[in-house]
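Before any comments, here is the structure.
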Amino acid sequence: MKNLQRNLTYLSVFSAIAFSLNSCKPEKTVNEENEVITTLVVKVRDAVTDAPVGNFTFKDLDGDKPNLPVQFDTIKLAPSKTYKVDLVLLDETKSPIDTTSKEILALKDDHLFVFKPTPGSGFVTVAITDKDSKNLPVGLESTWTTGTSANGALQIILRHQPGVKNGTESPGDTDLDVTFQVKLQ
Amino acid sequence: MKWLAVILCFCVFVLSSSILNAQEPNCVFKLKGKVLDSNTKKPLDFATLQLREINRTQLADENGSFVFDKLCKGDYTLACTHIGCATEYFSISITTDTFIKIKLDHKDFNLTEVTVARHKKESAATQHVEQLEGKKLDELRGLSLGDALKTMTGVNTLKTGSTISKPIVHGLHSNRVLILNNGIRQEGQQWGTEHAPEIDPFLAKKITLIKGASSLRYGSDAIGGVILVEPNPLPTNARVGGEVNYVVFSNNWEHNISAFLEGNHTRVAPLSWRVQGTFKRAGSAQTPDYYLKNTGFYEGNFSAALGWEKSNYGIELYYSRFQTKIGIFSAAHLGSLSDLYRAIQSKTPLEQSSFTYQIGRPYQFITHDLLKAKAYVKTGSLGDLTITFARQSNRRDEYDKTPPRNDSLAGLNHPAFRFKIQTFTLDAVWEHKPVKGFSGTVGADFMTQTNNSEFGYLIPNYWNFSGGVFVIERYTYKKLEIEAGLRFDYKWLQSYVKQRGVTDVVTLNFAIPSASIGFDYHILSQLKWNFNFGTAWRAPAPNELYSYGLHHGAAAMEIGDRNFKKETSYQLNTSLEWQSRYIRVDIGAYQNFMNGFIYLVPDTPPTLTIRGYFPVFKYKQTNASLSGLDANIVIEPVKGLELSSKTSLLLAYNTSKKQWLEQMPANRFENSIRYTHEKNDRQVFFGINTQYVMQQKNVPSSDVDYLPAPAAYFLLGFESGADLFIAKQKFTLGFSIYNMLNTRYRDYLDRFRYYADETGINCAFRLKVPF
């Protein structure tokens, strides 16, 4: 009996130590497969001549983590003109760089861009020109009509609305929310 | 819903009246006994004796004598409590009229004509301890561990909507409250406020709460308290038995079914076993006005135990698995600060649904496995040695509200975050034989743990080792019992911190002693006074040190601080207990000084990201003072009628910043009246209970909260139950109504209080069939 007791004690101690030593060391790096949007490029063309006017960029390389953006351009346009605008979204954490806006185009029924100029009237008027399969606006393509010389801002919001898109801003989540300074001069 | 309640109540009453008149089964045996003081050999008056299985309680008379009559044949656990002594438990087989002599206040006791299987001295004798067991626990079946514990004074719940709740003890929660699941310290994902304990409450036959720190026996980090979730000991007599429980809730049509089967090998007497399982399924919960979208869940749990028990040694193997999928209220899952404001401004949630059992995104999927091996040796002259080894592995998958946009990524159906924690623990405890009034315990414990994340980064991967040694000695002199303990812990923590794409290896070491001293004094035979002073400490957790990023779904940036030092607590706990025929009073007061208390505070300015501005919350260290009072008064003016009143008060102050501490539970008052009719070993009871929770006004004046603390609320409840025999088979029925007035309210400590009301009226029907 004494032997059995001793053996049992030894057995449990040994098995514990063996298990502990085997206990796999943690991986030092975390394999991340999150989708991040790091960059928004506003590509502006002249509506009449189709000539490029400029690319205006917001770039935050850690996406929605705390580090601050590394590039945040001011949009400079001429007053009283009409422009064609394309939005390009990138994930620059991936290699090769992932063009998120292509995925948005493929899933356009679930996405809506919202444009909010300040001041609200007579400054920049945005008209969305692309539509999804239900004839609701998307916003990757739009025309911007500028008013008289002024300084203001334009907020661009991307709403992710899988299954609940109805053409308004309310449903869903915000995937992107950037407010550019705009100068009409 | 209300008419349903009325019908069900009616049924319960009809049943209960029929039960009392029903034919009696073969229950004619008597258990007589006498309680003696082991030192003086004189009778002890007014000890409380309880047969736990049938919840019958008798008070011994002046001469220490007691009688339980009309007992059925069977196995019982007799709990003997006297104001001078810790509760002792005896296993008794009733086959004929039986006499038992109980000597208290000493490790020895004499029994005649009974077989005593085990007895146990309660640990933490000088601390404020509360227990849920027997009928009391039966009435809480189906509730989460947090909600069941909330029936005790000084306990609140920290909720994340209707599906996730965790206990707060004396204002402290998560890493500061230690939960022992069948003797093993639960090592899951307790660091997160929205991570509920991964434990099946149906496992428990007894839930014990030790309030306050200084539980040196269980770990230095139990600053708020220790919760022991324990099943019954394995059976020792040759019989196969079990129990089936069924519970249904009307609010979310939650069905719970749980059963266990246990036995003892007829030919190999030392061998005993138990298997147990639970399945739960719930649909969308509803507030008085709307359904909460995506609040369904399911849970499936299984456990098996095998024991080999001889008089001087024994081994026990135990395995359990807990698995759950929990829907997260989708209108509270936010992408940005403007989403948050939009959700708060809306009177009703922005997303609503009808009733469904479907669980959509976002959701959590959690698996917890526990394997335990325990061996003990009773050496007789040298005392008892117990060695326990356990392996736990916990996997937590959190699925985001929206799947990835990329089709090939979405096709993999990976969670946004996966946390895998693996823990090995080894404990050795030696209880020495009493020597000249001294009894005590010496022990050592060891733990190693790894954390591996996948798919997303929120907290770093880490590896830790910790070990502790402790000694607790108790000295008894007449009416005074003194307990003192010392503990020394060492902790090593290596984290792989990723910041801006670079991984840093950060190693921290802690080596810290803790101590406790207390006494237990019987001023009168009915009046006991406890006093305890203890210290406790906790190493900062990886989330407090290294969080750096957006909190999934909470629309907040959380930032840790890697310069944190340990958190130390100095606590005074005292309680007075009065117990007489008509009145029982239990009042406890505590003062907890926390040095380096780690908490989360809003910080300015908000951070700009591609998803807009986010509020920033930083973990900070401060000094804090938590003082409070728990009171429980029970008056029984006539036999069967019980009036009870419970009060939980807490004042939490940030002494460094000279302001109140945020996120602390509000004061709570509960009153109830209940009538119990007992005949033989059957019971019928019904009662009304009320709960009043004040508005938390003690918040910092500069508090940057999105909404002020919600208004005070009052809830009314109903409870009833009855035992019923059909062909000698016992059935225990219960029927309760929670939030009977369908009150609209919000609770300060529900993280979803910004977006939705709490749940409305909820009827519960419970059935227990022992066999």
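To find a chain, count down the sequence lines: A is the first, B the second, and so on, and within it residues start at 1.
The backbone N or O of B:Q189 lies less than 3.5 Å from no partner atom in the side chain of B:R396, so there is not a single donor-acceptor pair. A:D130 contributes a side-chain N or O that, together with a main-chain N or O of A:G139, makes up a donor-acceptor pair within less than 3.5 Å. Formation of a donor-acceptor pair under 3.5 Å by the B:S346 side chain with backbone atoms of B:T348 is found in this model.
For a residue to count as touching a neighbouring chain, one of its non-hydrogen atoms must lie under 4.5 Å from one of that chain's; by this rule B:Y462 touches chain A with the backbone only. For A:T38, the part sitting under 4.5 Å from any heavy atom of chain B is the backbone (N, CA, C, O) and nothing else. Proximity to chain B (any heavy atom under 4.5 Å) is shown, for A:L176, by both the backbone and the side chain. Both the backbone and the side chain of B:S453 have a heavy atom closer than 4.5 Å to some heavy atom of chain A. With a threshold of 4.5 angstrom between heavy atoms, A:T39 approaches chain B through N, CA, C or O but not through any side-chain atom. For B:L608, the parts sitting under 4.5 Å from any heavy atom of chain A are the backbone and the side chain alike.
Of the listed residues A:D60, A:T100, A:D175, the one with more heavy-atom pairs under 4.5 angstrom with chain B than any other is A:D175. Note on A:Q155, A:K102, A:K59, A:H111: by heavy-atom pairs under 4.5 Å with chain B, the leading option is A:H111. Note on B:T607, B:N461, B:V616: by heavy-atom pairs under 4.5 Å with chain A, the leading option is B:N461.
Ion pair A:K84/A:E141 not flagged as a salt bridge, since none of the NZ, NE, NH1 or NH2 atoms sits closer than 4.0 Å to an Asp/Glu carboxylate oxygen. Looking at B:R342 and A:E169, a side-chain N of the basic residue comes within less than 4.0 Å of a carboxylate O on the acidic one, giving a salt bridge. A salt bridge is defined here as a Lys NZ or Arg NE, NH1 or NH2 lying under 4.0 Å from an Asp or Glu carboxylate O, and B:R611 with A:D177 fails to meet this definition.
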Please step through ring-ring contact (aromatic ring centres under 6.0 Å, His included) for the pair A:W144 and A:Y83, ending with a clear verdict. CA-CA 5 Å; A:W144 296 11; A:Y83 298 98; 8.1 Å; no
